[in-house]
Engineer: 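Sharing a structure below in structure tokens format, with a few things to ask.
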Protein chains: 2
Amino acid sequence: MDFADVVRNRRSVRDYDPLKKVTDAQLKELFELVKYSPSSYNLQSWEFVVVRDPENRKRLKKLANDQQHVEDASAVIIVLGSTNPAKHADDIAADRMRIGLMDAAKKKRFDAVIKNLSADINSCRLWTMRSTSLAAMTLMLAAKSMGLATCPIESFDAARVKKEFAVPEDYEVVLLITMGYETKKQPPRPKRYDYSEMAHLEKYGKPFKS
Amino acid sequence: MDFADVVRNRRSVRDYDPLKKVTDAQLKELFELVKYSPSSYNLQSWEFVVVRDPENRKRLKKLANDQQHVEDASAVIIVLGSTNPAKHADDIAADRMRIGLMDAAKKKRFDAVIKNLSADINSCRLWTMRSTSLAAMTLMLAAKSMGLATCPIESFDAARVKKEFAVPEDYEVVLLITMGYETKKQPPRPKRYDYSEMAHLEKYGKPFKS
């Protein structure tokens, strides 16, 4: 599917066909695209819990303000961001040294960055929110390119989601994303601000016009 | 360009051709795709400062650990996230009521959500980091689909970037993104964790295998 069509036609969908399932093969194809998202030092903060079991989706719906599409979707993806920047650090540093992207001096700086970032949980939360959200956008677009609709949800009881789905302490629940096949024509698209309203040239406040 | 090819071929590029410029028409096309990124209640937290002037790129380089590609890129995008959820709230609520997505009861809930979120700056920072990063990923992929290379930078002196580029207090500098035409073959791609290493089935710790 053409890239621009994917972006223009992706909508946040809340009406799913309960009979059309998202398969293991589709999920594999999806995550094999998501993995190419960029992250600082390639630390790859993201992980995902795929919830397809109907009883689990019902439980999850209760933790997400009873939004019906959580129960109706074929799958719900719990998007998790690690708040531990050191998690993959040794593995990633070894990989970077192996392919020549890191020498001893860069390794020293890398270790200092990881140590410094890890010292402050608020910084770690902001770090993982940014990094993991990049992967979440790749996921929603990739799903659309495969014919699957999605809807991101950012209002939920994160503490209970973690407890009920066995998520370790050092993860942030970044988003829930419902996924499946849409059943009906989407309503009109809500207003989007265009480039002249969101882009500035050289400094803030100087509108960009072309 | 095919969606999966865009995702698979996007790399974080640090070597740019100084002679090939990113034009106004390209930037307009780019932001007209970025605007379709999703956001909770369609609040669209993102704004962008496009820095193409060579002197401004030199100033920005100094605020980004002297990373040379900031100076060499044709354009650097300062990705800004509003930390004021109320900024577009009235406008967006009116739009939603106009197209039938919001009634009086939903409007009341919306107002309460905005008020509650706005009361805590830390929540606002996490909110904008997530929402704005979704748009940043769309931007990097859209650029690739147009033949433009990018590189995200998350280490910079945010306070000075805001001061030197006239950014109001109630914005977060989410990322810098360098942009231009790559000059050489990219080095080997660093290791990515595959689906079996990042996806879990039904609950955390139960590996997903297909």
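These numbers were taken from a predicted model, which means no experiment stands behind them. Throughout, a chain's letter reflects where its sequence line sits, starting with A, and its residues are numbered from 1.
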Engineer: Residue by residue, scan residues 135-142 of chain A and write down, ordered by number, those that have a heavy-atom distance under 4.5 Å to chain B; if none do, write 'none'.
Structural biologist: A:Ala136, A:Met137, A:Thr138, A:Met140, A:Leu141, A:Ala142
Engineer: Do you know which of A:Phe31, A:Phe48, A:Trp46 has the most heavy-atom pairs under 4.5 Å to chain B?
Structural biologist: A:Phe48
Engineer: If I take atom OG from residue A:Ser131 and atom CG from residue B:Leu175, how far apart are they, to the nearest 0.5 angstrom?
Structural biologist: 9.5 Å
Engineer: Determine the option with the most heavy-atom pairs under 4.5 angstrom with chain B, choosing from A:Ser37, A:Cys151, A:Ala75.
Structural biologist: A:Ser37
Engineer: Does any backbone or side-chain atom of A:Val7 lie under 4.5 Å from a heavy atom of chain B? Answer side chain, backbone, both or neither.
Structural biologist: both
Engineer: With rounding to the nearest 0.5 angstrom, report the CG to SG distance, B:Leu117 to B:Cys124.
Structural biologist: 4.5 Å
Engineer: Checking heavy atoms, do the side chain of B:Gln44, its backbone, both or neither come under 4.5 Å from chain A?
Structural biologist: side chain
Engineer: Of all the residues in residues 53-67 of chain B, which have a heavy atom that comes within less than 4.5 Å of a heavy atom in chain A?
Structural biologist: B:Asp53, B:Asn56, B:Asn65
Engineer: What's the separation between atom CG in A:Asp95 and atom NE2 in A:His88, rounded to the nearest 0.5 Å?
Structural biologist: 12.0 Å
Engineer: Quick one: CG on A:Asp15 to OG1 on A:Thr178, what's the gap to the nearest 0.5 Å?
Structural biologist: 10.0 Å
Engineer: Just give me the residue among B:Ile153, B:Asn42, B:Ile99 that pairs up with chain A most often, heavy atom to heavy atom, under 4.5 Å.
Structural biologist: B:Asn42
Engineer: For the residue pair B:Ala89 and B:Phe110, what are the closest heavy atoms and their distance?
Structural biologist: O-CE2, 3.6 Å
Engineer: Sort out for me which of B:Gly100, B:Pro190, B:Pro187, B:Ala199 touches chain A most, counting heavy-atom pairs under 4.5 Å.
Structural biologist: B:Pro190
Engineer: Quick check on the interface: out of B:Glu202, B:Glu47, B:Met129, who has the most heavy-atom pairs with chain A under 4.5 Å?
Structural biologist: B:Glu202
Engineer: Where the side chain of B:Thr83 meets the backbone of B:Asp170, is there a donor-acceptor pair that is under 3.5 Å apart?
Structural biologist: yes
Engineer: Less than 4.0 Å between a side-chain N and a carboxylate O, is that true for B:Arg8 and B:Asp2?
Structural biologist: no
Engineer: Find out whether B:Phe156 and B:Val70 are in side-chain contact, i.e. whether some heavy atom of one side chain is under 4.5 Å from a heavy atom of the other.
Structural biologist: no
Engineer: Any pair with a residue in residues 109-123 of chain B that passes salt bridge (charged side-chain N to carboxylate O under 4.0 Å, His left out), sequence neighbours left out, goes on the list, sorted by first then second residue, please.
Structural biologist: B:Lys107-B:Asp111
Engineer: Name the member of B:Asn122, B:Asp91, B:Ile77, B:Leu27 that forms the most heavy-atom pairs with chain A at distances under 4.5 Å.
Structural biologist: B:Asp91
Engineer: Taking everything shown except B:Asp90 itself, do over 12 heavy atoms lie less than 6.0 Å from its CG?
Structural biologist: no
Engineer: To the nearest 0.5 Å, what is the distance between CD (A:Glu32) and CZ (B:Arg192)?
Structural biologist: 12.0 Å
Engineer: Quick one: of A:Val6, A:Leu30, A:Val50, who has the most non-hydrogen atom pairs under 4.5 Å with chain B?
Structural biologist: A:Val50
Engineer: What residue in A:Met1, A:Met198, A:Glu197 has the most heavy-atom pairs under 4.5 Å with chain B?
Structural biologist: A:Met198
Engineer: Report, by ascending residue number, the residues of residues 159-168 of chain A in heavy-atom contact with chain B at a distance under 4.5 Å; give 'none' if the set is empty.
Structural biologist: A:Phe165, A:Ala166, A:Val167, A:Pro168
Engineer: Over all heavy atoms of both residues, which pair between B:Thr150 and B:Ala143 is shortest? Give the atoms and the distance, please.
Structural biologist: CG2-CB, 3.7 Å
Engineer: Out of curiosity, A:Lys144 NZ to A:Arg10 CZ, how far, rounded to the nearest 0.5 Å?
Structural biologist: 9.0 Å
Engineer: With respect to chain B, which residue among A:Ile92, A:Leu33, A:Leu80, A:Leu134 yields the maximal number of heavy-atom pairs within a distance under 4.5 Å?
Structural biologist: A:Leu134
Engineer: Within a reach of under 6.0 Å around NZ of B:Lys206, are more than 12 heavy atoms found that belong to other residues, nucleotides or ligands?
Structural biologist: no
Engineer: Report the option among A:Arg52, A:Lys203, A:Glu154, A:Arg125 that has the most heavy-atom pairs separated by less than 4.5 Å from atoms of chain B.
Structural biologist: A:Glu154
Engineer: Among B:Leu126, B:Val51, B:Thr128, single out the residue with the greatest number of heavy-atom pairs under 4.5 Å to chain A.
Structural biologist: B:Leu126
Engineer: Please report the shortest heavy-atom distance between B:Gln186 and B:Arg11, naming the atom on each side.
Structural biologist: CB-NH1, 3.7 Å
Engineer: Report the option among B:Asp5, B:Thr132, B:Leu101, B:Val174 that has the most heavy-atom pairs separated by less than 4.5 Å from atoms of chain A.
Structural biologist: B:Val174
Engineer: Please give me the minimum heavy-atom distance between B:Ala86 and B:Ser118, naming the atom from each residue.
Structural biologist: N-OG, 4.3 Å
Engineer: Identify the two heavy atoms, one from B:Gly205 and one from B:His200, that lie closest to each other, and give their separation to 0.1 Å.
Structural biologist: N-ND1, 2.9 Å
Engineer: Do NZ/NE/NH1/NH2 and the carboxylate oxygens of A:Lys106 and A:Asp103 come within less than 4.0 Å?
Structural biologist: no
Engineer: Side chain from CB out, backbone as N, CA, C, O: work out which of these in A:Asp194 comes under 4.5 Å of a heavy atom of chain B, or both, or neither.
Structural biologist: both
Engineer: Evaluate side-chain contact (heavy atoms from CB on, under 4.5 Å) for A:Lys87 paired with A:Tyr171, printing each intermediate quantity in order.
Structural biologist: CA-CA 11 Å; A:Lys87 184 180 182 191; A:Tyr171 286 85; 2.6 Å; yes
Engineer: Do A:Ser133 and B:Ser133 have a side chain donor and acceptor closer than 3.5 Å?
Structural biologist: no
Engineer: For B:Pro38, is it the side chain, the backbone, both or neither that has a heavy atom under 4.5 Å from a heavy atom of chain A?
Structural biologist: both
Engineer: Nearest heavy-atom pair of B:Pro85 and B:Leu43: which atoms, and what distance?
Structural biologist: O-CD2, 3.8 Å
Engineer: Relative to chain B, which segment of A:Arg96 carries a heavy atom at a distance below 4.5 Å: side chain, backbone, both, or neither?
Structural biologist: side chain
